[in-house]
Amino acid sequence: MPPEFLPGIELSARLYRDAVRPLLSRHLPGLVHTAALLGPGSEVLGFDTARSTDHNWGPRLHLFLRADDLAASGETISALLAEQLPATIAGYSTNLIAVDDQGTRHMRPANGRIQHAVVIAEPGDWLTGQLGFNPLAEITMLDWLATSTQALAEFTGGAVFHDGLDCLEPARRALAWYPDDLWRYVLACQWQRLSQEEAFAGRCAEVGDDLGSAIVTARLARDLTRLCLLIHRTYPPYSKWLGSAFARLPCAGRLGPVLTAAVAATDWHDREEQLVAAYETVANLQNDLGLTAPVDPHVRFFHDRPYRVLHAERFTAALLDTITDPAVRGLPLTGAIDQFADSTDALAHRTRSRRLAEALYRPVQ
């Protein structure tokens, strides 16, 4: 029988507290280190369930050392953990690599050395690999724009159990949220995305393309969901957890049923009715931030066509007018990388995503 489910962050905390830290104290007393659980994984964002335990999940930890300590002791520590970590933490095997042809995960292999999931690294190198830049140094506008909100959520989420190097907590504070002008910019760009498709749900249906109308409605609901997260200063995660992250927002109780009804509707008039309610709700949320002078939150017809829209570009213009940094004001209305790119193979590859952003933004900087 599998053990009772324990959220991965708590499991990681127990691994450090009950096993890793005592071993370090006994064998390498005085070693300055930082311990955390960061980066990819549903548990880092607090979305893991018992289903998550079937792969890439278990007692995991990141252990950071100074460069000289890593060179002198990194392999020794890894070997120490392989030999002396307990077979289980809270009932979950610390041996995270399958060791037989049937994929069976044994509590401890025959040679007695477990394949543990403690990553031992120097923080600057790990941060650069995870984010594409080192936030312990200067953070540039390109760093912000080239980094997906999923990656930012993975680094600012999770947990730091001990920061003896005094590196992770300052870096996480620095990346807790966008600088003010960049926040206004990504908000403006998200409103711009809405403005470009608002009328399409009705127009598709008018020519008999009900599937197209439904697809556009789902796209608009997705963009509204991401917009709400940005309004609430929360990095939107990737698609699997977007709705779960949205559900945690204070606006979800009244807006969630509206967006659900919009994507479930089978008639375009019903879709429009729900989208109209969503537009006006989110418009009021934007106004409540006080970042701009109030913008009329009510919908109107799309020129002389019978589709009700917000004309969301009005919010784009209002936000752009409040940006003081000329470099940000000069950016195209494409936004941060995951506002204009939707390929996992681009967004999850730090070198590719930075090259893509550089190609778009370098000429205007």
Side-chain angles (χ1 to χ4, degrees), residues 9 12 16 31-41 44-45 60-75 77-78 117-183 185-186 233-238 325 327-328 331 335-339 341 344-362 364-365:
I9 287 181
S12 180
Y16 175 66
L31 178 71
V32 180
H33 66 276
T34 286
L37 180 66
L38 306 169
V44 172
L45 300 183
R60 301 194 300 120
L61 186 71
H62 293 90
L63 185 66
F64 297 106
L65 306 176
R66 296 189 181 108
D68 56 347
D69 286 333
L70 179 64
S73 304
E75 292 184 5
I77 294 171
S78 185
V118 179
V119 174
I120 306 171
E122 189 276 325
D125 290 343
W126 185 89
L127 288 166
T128 301
Q130 173 68 22
L131 297 168
F133 66 97
N134 185 351
L136 297 173
E138 178 187 4
I139 304 172
T140 68
M141 184 167 68
L142 180 64
D143 293 335
W144 285 108
L145 295 176
T147 308
S148 71
T149 51
Q150 172 69 24
L152 292 168
E154 290 172 348
F155 179 61
T156 57
V160 177
F161 309 120
H162 175 70
D163 196 15
L165 299 178
D166 192 29
C167 60
L168 288 188
E169 293 293 13
R172 280 156 60 91
R173 286 194 296 271
L175 293 179
W177 193 242
Y178 293 107
D180 187 68
D181 272 353
L182 280 176
W183 180 31
Y185 169 70
V186 296
R233 298 170 63 93
T234 301
Y235 292 123
Y238 76 125
D325 185 338
V328 179
L331 292 170
I337 189 163
D338 47 7
Q339 290 180 290
T344 299
D345 291 314
L347 295 177
H349 192 289
R350 301 299 175 247
T351 301
R352 290 174 191 155
S353 61
R354 287 185 71 84
R355 286 177 178 170
L356 185 60
E358 285 173 349
L360 180 63
Y361 292 121
R362 283 254 185 251
V364 299
Q365 291 187 42

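Values below: all heavy atoms of this structure, side chains included; hydrogens, waters and symmetry mates excluded.
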Working for side-chain contact (heavy atoms from CB on, under 4.5 Å), residues Asp345 and His349: CA-CA 6 Å; Asp345 291 314; His349 192 289; over 6 Å; no
If you apply the rule side-chain contact (heavy atoms from CB on, under 4.5 Å), what do you find for Met141 with Asp181, and how did you get there? CA-CA 10 Å; Met141 184 167 68; Asp181 272 353; over 6 Å; no
Could you walk me through whether Thr344 and Gln150 satisfy the side-chain contact (heavy atoms from CB on, under 4.5 Å) test, starting with their C-alpha distance in whole Å, then the side-chain angles of each, then the deciding distance to 0.1 Å, before giving a yes or no? CA-CA 11 Å; Thr344 299; Gln150 172 69 24; over 6 Å; no
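Listed by chain and number, the residues in a side-chain hydrogen bond (donor to acceptor under 3.5 Å, both in side chains) with Asp325 amount to none (sequence neighbours excluded). Under the side-chain hydrogen bond (donor to acceptor under 3.5 Å, both in side chains) criterion, Arg66 pairs with no residue at all, not counting sequence neighbours. Residues satisfying the ring-ring contact (aromatic ring centres under 6.0 Å, His included) criterion with Tyr16, sequence neighbours excluded, are His33. Partners of Arg350 under the side-chain hydrogen bond (donor to acceptor under 3.5 Å, both in side chains) rule, at least two apart in sequence or in another chain, do not exist in this structure.
Minimum heavy-atom separation, Leu356 to Ala341: CD2-CB, 4.0 Å. In this structure, Asp143 and Thr140 approach most closely via the heavy-atom pair OD2-N, 2.9 Å. Contact between Ser148 and Ile337 at its shortest, heavy atoms only, is N-CG2, 3.8 Å. Closest non-hydrogen pair, Leu65 versus Val32, comes out as CD2-O, 4.0 Å. Taking both residues in full, the closest heavy atoms of Ala36 and Leu168 are given as CB-CD1, 3.6 Å, listed atom of the first, atom of the second, then distance.
For the residue pair Asp338 and Thr149, a side-chain donor N or O sits within less than 3.5 Å of a side-chain acceptor on the partner.
Looking only at distances, a side-chain donor or acceptor of Asp163 sits under 3.5 Å from a matching main-chain atom of Cys167.
More than 12 non-hydrogen atoms from other residues, nucleotides or ligands lie less than 6.0 angstrom from CD of Glu169.
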Side-chain donor-acceptor pairs of residues 171-179 under 3.5 Å, sequence neighbours excluded:
from	atom 1	to	atom 2	distance (Å)
Arg172	NH1	Phe155	O	2.9
Arg172	NH1	Gly157	O	2.5

Under 3.5 Å, side-chain donor or acceptor atoms of residues 120-133 against the rest of the protein: list the pairs with distances, not counting sequence neighbours.
from	atom 1	to	atom 2	distance (Å)
Glu122	OE1	Gly124	N	3.0
Glu122	OE1	Asp125	N	2.8
Glu122	OE2	Gly124	N	3.1
Thr128	OG1	Gly124	O	3.0
Gln130	NE2	Glu154	OE1	3.1

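Between Leu331 and Leu145 there is a side-chain heavy-atom pair separated by less than 4.5 Å.
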